[in-house]
There are 2 protein chains.
Amino acid sequence: MSNVPLNQAKAELFRTLGHPVRIRVLELLQDGPRPVRELLADIEVESSNLSQQLAVLRRAGLVISSREGSVVRYTLATPDVAQLLLSGRRILASMWTEREDLLAELRDSGEQV
Amino acid sequence: MSNVPLNQAKAELFRTLGHPVRIRVLELLQDGPRPVRELLADIEVESSNLSQQLAVLRRAGLVISSREGSVVRYTLATPDVAQLLLSGRRILASMWTEREDLLAELRDSGEQV
DNA sequence: ACATGACTTGAAGAAGTCTTCAATTACGGT
DNA sequence: ACCGTAATTGAAGACTTCTTCAAGTCATGT
């Protein structure tokens with residue numbers, strides 16, 4: 001039940017998502033394929049840096065690129081990526097509200113002292 | 001609709017999951033709280049290394065530790081972590097089957113030539 | 001008080017990742 | 001054939017993360 005190489009693969013997948021530009025790219029691609037030019041317009045990053053991050057996503061197999069004339073279009077390799085991003089948002093949200101609850105508790109107990 | 005600090009937070013969350021030992025720990029904690037001793041028995045890793053990885057998870061707010069006598073017990077900060085791990089598994093599965101389909105296609109077209 | 005088992009911490013070198021720059025490829029228009 | 005725009009690549013230096021070691025804390029048994 002441990003399966004070390006599987007956990008290795010999972011870790012690599014998560015590590016691939018571990019960069020704000022790559023997250024943003026995947027989020028934009030959720031609404032359908034997009035040419036690099038458009039991604040570049042929506043993300044504040046240098047063209048060569050975006051290319052580097054796209055290459056990371058490509059190597060990980062999360063996106064697919066195809067040249068169409070002078071433009072390169074990127075597509076999500078699987079729509080399941082959306083689920084993963086959603087789960088991430090949800091965890092952040094629940095950690096945030098838990099911390100907020102704690103703050104409220106602290107404030108309340110402070111008022112009692 | 002871009003929200004750079006949010007994407008930064010998401011990226012940090014995913015990066016925290018980007019290590020096989022940390023993945024394994026979270027998976028074990030899905031079945032309930034566990035003392036370090038037990039985690040150590042289930043994961044092939046040095047005690048000090050496990051501690052380092054637990055510290056990363058603690059700092060990220062994904063787990064909570066509490067001392068009970070001479071033993072330290074770890075707990076998932078939120079059960080939502082399970083969803084995230086599941087989504088990860090699912091992506092890996094769908095990437096795997098897509099690649100398998102591709103292989104089958106290649107094999108078939110090879111037979112036709 | 002001391003020893004022991006259960007963990008954590010700090011530090012150091014190796015390994016990996018990030019950003020940026022300059023060079024390069026690929027296509028379309030003239 | 002040449003230029004401009006679109007995108008990728010390779011390489012270098014800064015920065016971060018990983019593993020391991022030795023040393024440290026903390027509670028319990030003797």
Side-chain angles (χ1 to χ4, degrees), chain A residues 2 4-5 7-26 28-29 33-77, chain B residues 2 4-5 7-26 28-29 33-77:
Chain A
S2 61
V4 176
N7 285 337
Q8 184 70 43
K10 285 184 211 164
E12 269 158 34
L13 171 62
F14 285 122
R15 206 179 297 175
T16 301
L17 298 225
H19 188 289
V21 168
R22 297 196 294 261
I23 296 264
R24 187 86 190 98
V25 166
L26 294 175
L28 288 168
L29 293 183
R34 277 168 182 278
V36 175
R37 212 164 16 74
E38 275 185 35
L39 298 173
L40 199 50
D42 282 348
I43 311 177
E44 289 248 326
V45 73
E46 269 189 39
S47 150
S48 67
N49 195 345
L50 180 58
S51 263
Q52 298 278 3
Q53 306 312 329
L54 288 171
V56 172
L57 292 172
R58 243 187 296 121
R59 271 179 244 126
L62 287 173
V63 301
I64 288 158
S65 73
S66 57
R67 176 149 229 138
E68 284 170 28
S70 68
V71 155
V72 177
R73 181 186 304 270
Y74 277 83
T75 314
L76 279 189
Chain B
S2 62
V4 176
N7 284 337
Q8 184 68 44
K10 285 185 210 162
E12 270 159 32
L13 170 62
F14 285 122
R15 204 180 297 174
T16 302
L17 298 225
H19 188 291
V21 168
R22 297 197 294 259
I23 295 265
R24 187 85 190 100
V25 166
L26 292 175
L28 289 168
L29 293 184
R34 277 169 181 278
V36 175
R37 213 164 16 74
E38 274 184 36
L39 298 173
L40 200 50
D42 283 347
I43 311 176
E44 288 249 326
V45 72
E46 270 189 39
S47 150
S48 68
N49 196 344
L50 180 57
S51 263
Q52 300 276 5
Q53 307 311 330
L54 289 171
V56 172
L57 292 172
R58 243 187 296 122
R59 272 179 242 126
L62 288 173
V63 301
I64 288 158
S65 73
S66 58
R67 176 150 228 138
E68 283 170 28
S70 68
V71 155
V72 175
R73 181 186 305 268
Y74 277 83
T75 314
L76 238 43

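In what follows, every chain begins at residue 1, and chains take the letters A, B, ... in the order their sequences are listed. For clarity, every value in this text was computed on a predicted model and none was experimentally measured.
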Atom [atom1] of [X] and atom [atom2] of [Y]: how far apart are they, to the nearest 0.5 Å?
X	Y	atom1	atom2	answer
L13(A)	R15(A)	CG	CZ	11.0 Å
R24(B)	H19(B)	CZ	NE2	14.0 Å
R22(A)	K10(B)	CZ	NZ	14.5 Å

Whole angstrom value for the distance that separates [atom2] of [N] from [atom1] of [X]:
X	N	atom1	atom2	answer
F14(A)	dT17(D)	CZ	C1'	18 Å
R34(B)	dC7(C)	CZ	C1'	18 Å
L54(A)	dT17(C)	CG	C1'	17 Å
L57(B)	dT8(C)	CG	P	12 Å
E12(B)	dT17(C)	CD	P	17 Å

Minimum heavy-atom separation for V71(B) to P35(B), with atom names?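 Looking at all heavy atoms of both residues, the shortest contact is CG1-CB, 3.4 Å.
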If only side-chain N and O atoms of R58(B) are considered, is one of them under 4.0 Å from the OP1 or OP2 phosphate oxygen of dT9(C)?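 For dT9(C), OP1/OP2 do have a side-chain N/O of R58(B) under 4.0 Å.
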Tell me whether the side-chain N/O atoms of Y74(B) come closer than 4.0 Å to OP1 or OP2 in dT8(C).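 So the side-chain polar atoms of Y74(B) do come within 4.0 Å of the phosphate oxygens OP1 or OP2 of dT8(C), strictly under.
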What pairs of donor and acceptor atoms, side-chain ones from residues 36-49 of chain A against any protein atom, are under 3.5 angstrom apart with sequence neighbours left out?
| residue | atom | partner | partner atom | Å |
| --- | --- | --- | --- | --- |
| E38(A) | OE1 | R34(A) | NH1 | 2.7 |
| N49(A) | OD1 | Q53(A) | NE2 | 2.9 |

- Five-pair end axes of the helix from dA1(C)-dT30(D) to dT30(C)-dA1(D) and the angle they enclose, rounded to 10°: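 The value is 10°.
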Notebook entry, point to check: Is any side-chain heavy atom of L17(B) less than 4.5 Å from a side-chain heavy atom of L17(A)?
Noted result: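 The answer is no, as the side chains (C-beta and beyond) never meet within the 4.5 Å cut-off.
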R73(B): partners by salt bridge (charged side-chain N to carboxylate O under 4.0 Å, His left out), with sequence neighbours left out |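 For R73(B), the residues satisfying salt bridge (charged side-chain N to carboxylate O under 4.0 Å, His left out) (neighbours in sequence not counted) are E68(B).
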What's touching nucleotides 18-28 of chain D from the protein side, N or O pairs under 3.5 Å?
| residue | atom | partner | partner atom | Å |
| --- | --- | --- | --- | --- |
| dC18(D) | OP2 | R22(B) | NH1 | 3.3 |
| dT19(D) | OP2 | H19(B) | NE2 | 2.8 |
| dT20(D) | O4 | Q52(B) | NE2 | 3.2 |
| dC21(D) | N4 | S48(B) | OG | 3.1 |

**Prompt:** Does anything in residues 36-44 of chain A reach DNA chain C, meaning a heavy atom under 4.0 Å, and if so which residues?
**Reply:**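 Nothing qualifies; none.
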Can you give me every donor-acceptor pair (side chain of residues 54-66 of chain A, partner residue at least two apart or in another chain, under 3.5 Å) with its distance?
| residue | atom | partner | partner atom | Å |
| --- | --- | --- | --- | --- |
| R58(A) | NE | Y74(A) | OH | 3.1 |
| R58(A) | NH2 | Y74(A) | OH | 3.3 |

